[in-house]
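Note that these values count all heavy atoms, side chains included, but never hydrogens, waters or copies made by symmetry. Reminder, nothing fancy here: chain letters follow the sequence lines and each chain counts from 1.
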Amino acid sequence: MATLMALFYTFLWRILLMVVHLNRSLVSYFRVRGRSWKSRLWERAVSVLLLPVALIGLSDQRRLSDKPDTNGSPAHGTRTKCRRTPWLCDTRSLEKLPVHIGLLVAEEEPSYTDIAKLVVWCMAVGISYVSVYDHHGFLQKNNSRVLEEIVRKQEELLGGEGSKYSVEFLSSNKPQNVLSCRSTVKVLSPEDGKQSIVEAAQQICRSVENRERSSKDISVSVLDILLRESKNIPDPDLVVKFGLVNSTLGFLPWHIRLTEFISLPSHRDVLYEEFLGALQQYSACQQRLGQ
Amino acid sequence: MSWIKEGELNLVERITSNILKAGPMPKHVAFIMDGNRRFAQKKNMERQEGHMQGFNKLAETLRWCKHLNIPEVTVYAFSIENFKRTKDEVDGLMELARQKFERLLDERENLEKHGVCIRVLGDLNMLPLDLQQRIAEAVVATRNHNKCFLNVCFAYTSRYEITNAVREMACGVEQGLIKASDVSEMLLDECLYSNNSPHPDLLIRTSGEVRLSDFLLWQTSHSCLVFQSVLWPEYSFWNLCEAIVQYQLNHMSIQKARDLHREHQALQQLEVDQACVAEILQHHGNGKPTDAQRRHEALQRYTACREERVRDFLDALKHKRDSYFSDLCSQSVTA
């Protein structure tokens with residue numbers, strides 16, 4: 001009897017998980033489809049159904065774009081206008097922008113062009129530091145390919161304006177292409193996470209071993225300075241995580257103390273609206289810093 | 001309100017919990033119980049009342065966890081940063097803690113019946129002495145229970161915890177128990193306040209904030225993070241179930257990432273050991289090349305030695321931590 005019940009519950013659990021999976025994929029499917037040109041009709045139908053909600057949201061929408069779309073979806077309203085000069089109007093609508101953004105790819109295979117696209121968007125919007133991470137370390141292994149793609153995308157997306165947005169690439173092994181620094185891009189791997197804390201600890205212990213330092217002098221700020229690698233890059237304010245896994249997957253544990261985490265379903269074919277949505281969500285976050 | 005809430009789940013809850021238990025369940029869940037003050041504001045209550053209700057919710061959540069076969073729970077009760085709050089509020093929270101830990105000692109028998117072991121993670125030296133003593137008494141009284149574990153992070157931040165672990169290792173180096181080259185991820189892990197627990201499988205933060213706020217940064221690097229918008233005093237059984245479903249959805253991919261990390265960690269340790277052995281051989285062999293067989297033997301010898309050093313160091317650390325609590329206890333008895 002008990003085993004029968006167990007089997008029954010297992011069966012129900014499988015159904016539950018299937019339903020949740022289905023729900024999740026349907027939501028992400030319609031999210032992408034709903035924004036593509038083909039399914040305008042569908043979008044219209046939904047916006048009619050959601051008209052009361054849209055009316056409430058109208059006042060917010062005014063703030064986002066001065067020419068509100070009749071469809072009533074705020075993201076939609078900004079898009080038509082922003083196709084040509086996206087970066088200029090969008091940054092104005094954001095109250096605050098992260099200084100340091102982390103792009104966390106929590107998917108099995110990173111797509112270099114999509115990552116490059118995201119990095120260029122970050123630069124164009126005016127974010128000073130961009131870190132790119134995946135937990136397999138693929139991106140760091142193919143560091144040069146990432147940087148090449150970024151340069152290519154930069155020309156493609158920003159065209160003549162591109163020259164204004166010069167980049168500095170930082171890599172833990174070899175500093176390269178240091179141009180004038182408007183934006184700094186860093187490619188990270190799990191080794192920059194716990195391993196770097198362990199290395200800092202080793203360094204401290206070695207100086208204790210050589211009697212250059214006493215264990216009493218060790219404080220949070222001593223460790224923090226070591227982990228900043230004297231480059232004075234601030235901790236990331238925002239991490240945008242791509243993929244369905246809800247985990248940081250080893251992304252810089254020391255540095256994400258106050259980092260806001262925002263998830264997007266995938267970095268493949270990611271839309272500018274989605275990226276902007278994440279920035280808007282970040283802009284609405286408030287921090288109390290323990291108070 | 002007491003620490004342990006008795007009572008069974010109702011029928012629907014019981015069926016749901018049985019369904020969930022058919023899947024992989026988290027062994028250790030961590031909570032950031034955020035939203036007590038916003039709750040109080042919403043309900044026009046005193047702030048202290050909000051914190052009180054937050055504690056009651058904790059007792060209720062522990063009951064749910066027990067029924068869901070989750071043996072270990074860690075909660076963020078008070079951050080070092082919280083000392084920055086108004087004196088009134090800090091005093092209020094300390095008073096609440098005083099009452100609750102006193103209450104805990106009254107409930108000793110009940111805790112024993114359920115086998116609840118209570119640990120407090122954080123730098124207790126920052127707290128008033130009488131509270132330190134009460135906490136120590138509670139910790140010592142429940143030390144040997146082993147059915148469920150409740151870790152209360154008090155005067156805690158994760159950076160402070162990591163720094164403290166580095167300090168402990170540096171102390172070990174000073175005393176000659178370990179070498180600087182013995183410092184590894186696994187050793188640092190063992191020096192954290194949380195060394196007696198497995199890393200949390202699931203971290204839940206309520207009230208819609210999407211950051212970790214310096215909580216278990218090291219331990220949650222491969223945990224499932226779930227941010228829920230409900231305020232902590234309004235947390236329900238169904239919210240907990242939702243978080244567990246999230247964990248179950250993520251379980252496979254996180255497990256894979258964990259395995260990958262563990263492999264990497266073992267490789268790292270091997271490399272360090274090999275480097276140390278190479279240095280020793282170089283030193284003794286006057287630069288003459290050594291054959292593979294000898295190198296292999298030397299490596300095995302070295303690894304065994306290192307493991308023994310680390311073990312002795314960790315025993316000493318455990319002893320130091322245990323006696324800290326026992327000393328506080330005996331102080332309060334004589335006082």
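Between chain B and the options A:Gly250, A:Cys285, A:Gly243, heavy-atom pairs under 4.5 Å are most frequent for A:Gly250. Note: A:Thr259 leads A:Leu7, A:Thr259, A:Thr10 in heavy-atom pairs under 4.5 Å with chain B. Heavy-atom pairs under 4.5 Å with chain A peak, among B:Arg258, B:Met252, B:Gln219, B:Glu174, at B:Glu174. When the candidates B:Asn164, B:Thr220, B:Ile80, B:Ile254 are compared by the number of heavy-atom contacts under 4.5 Å with chain A, B:Ile254 comes out ahead.
Taking non-hydrogen atoms and a 4.5 Å limit, the residue list of residues 194-201 of chain A in contact with chain B, ordered by number, reads A:Lys194, A:Gln195, A:Ile197, A:Val198, A:Ala201. Residues from residues 11-19 of chain A that place a non-hydrogen atom less than 4.5 Å from a non-hydrogen atom of chain B comprise A:Leu12, A:Trp13, A:Leu16, A:Leu17, given in numerical order. For residues 16-25 of chain B, a heavy-atom distance under 4.5 Å to chain A picks out B:Asn18, B:Ile19, B:Leu20, B:Ala22, B:Gly23, B:Pro24, given by residue number.
Salt bridge absent: A:Asp235 and B:Arg211 never bring a charged side-chain N and a carboxylate O closer than 4.0 Å.
The contact between B:Leu260 and chain A is made entirely by side chain atoms (from C-beta outward), counting heavy-atom distances below 4.5 Å. In this structure, chain B has heavy atoms under 4.5 Å from both the backbone and the side chain of A:Ile256. For B:Thr86, no part sits under 4.5 Å from any heavy atom of chain A, backbone or side chain. Of the two parts of B:Leu203, neither the backbone nor the side chain holds a non-hydrogen atom closer than 4.5 Å to a non-hydrogen atom of chain A. Only the backbone of B:Ser223 has a heavy atom closer than 4.5 Å to any heavy atom of chain A. Residue A:Leu252: no heavy atom, backbone or side chain, is found under 4.5 Å from chain B. Interface residue B:Gln268: only side-chain heavy atoms are found under 4.5 Å from chain A. Contacts between A:Asp217 and chain B at a heavy-atom distance below 4.5 Å are absent for every atom of the residue. In this structure, the portion of B:Phe227 lying under 4.5 Å from any heavy atom of chain A is its side chain and not its backbone. Heavy atoms closer than 4.5 Å to chain B are found in both the backbone and the side chain of A:Leu249. Contacts between B:Ser181 and chain A at a heavy-atom distance below 4.5 Å involve the backbone alone (N, CA, C, O). Heavy-atom distances place the side chain of B:Leu188, and not its backbone, under 4.5 Å from chain A. Heavy atoms of A:Thr248 lying under 4.5 Å from chain B belong to its backbone as well as its side chain. Within the 4.5 angstrom heavy-atom criterion, only backbone atoms of A:Ser219 (N, CA, C, O) approach chain B.
Applying the side chain to side chain contact (heavy atoms under 4.5 Å, CB included) criterion to B:Gln265, with sequence neighbours excluded, gives B:Glu185, B:Met186, B:His261.
Between the SG atom in A:Cys205 and the CD1 atom in B:Ile178 there is a gap of 6.0 Å [rounded to 0.5 Å]. For the atom pair CD of A:Gln202 and NZ of B:Lys179, the computed distance is 13.0 Å after rounding to the nearest 0.5 Å.
The local environment of CD in B:Gln255 is crowded, with over 12 non-hydrogen atoms from other residues, nucleotides or ligands closer than 6.0 Å. The number of heavy-atom neighbours closer than 6.0 Å to NZ of B:Lys256, taken from other residues, nucleotides and ligands shown, is 12 or below.
The nearest pair of heavy atoms linking A:His135 to B:Ala257 is CD2-CB, 3.9 Å.
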Steps toward side chain to side chain contact (heavy atoms under 4.5 Å, CB included) verdict (B:Tyr247, A:Asn246): CA-CA 8 Å; B:Tyr247 166 78; A:Asn246 287 330; over 6 Å; no
Candidate pair A:Trp254 and B:Leu217, rule side chain to side chain contact (heavy atoms under 4.5 Å, CB included), full reasoning: CA-CA 7 Å; A:Trp254 179 267; B:Leu217 300 175; 6.0 Å; no
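A heavy-atom distance below 4.5 Å is not found between the side chains of A:Ser247 and B:Cys224. Looking only at side-chain heavy atoms (C-beta outward), B:Leu249 and A:Val20 come within less than 4.5 Å of each other.
Listed for the B:Arg167 side chain is a donor-acceptor partner under 3.5 Å among the backbone atoms of A:Ile218. When atom types are taken as modelled, the side chain of A:Glu209 and the backbone of B:Val173 share no donor-acceptor pair closer than 3.5 angstrom. Of the possible donor and acceptor atoms, none in the side chain of B:Asp214 sits under 3.5 Å from a partner among the backbone N and O of A:Arg257.
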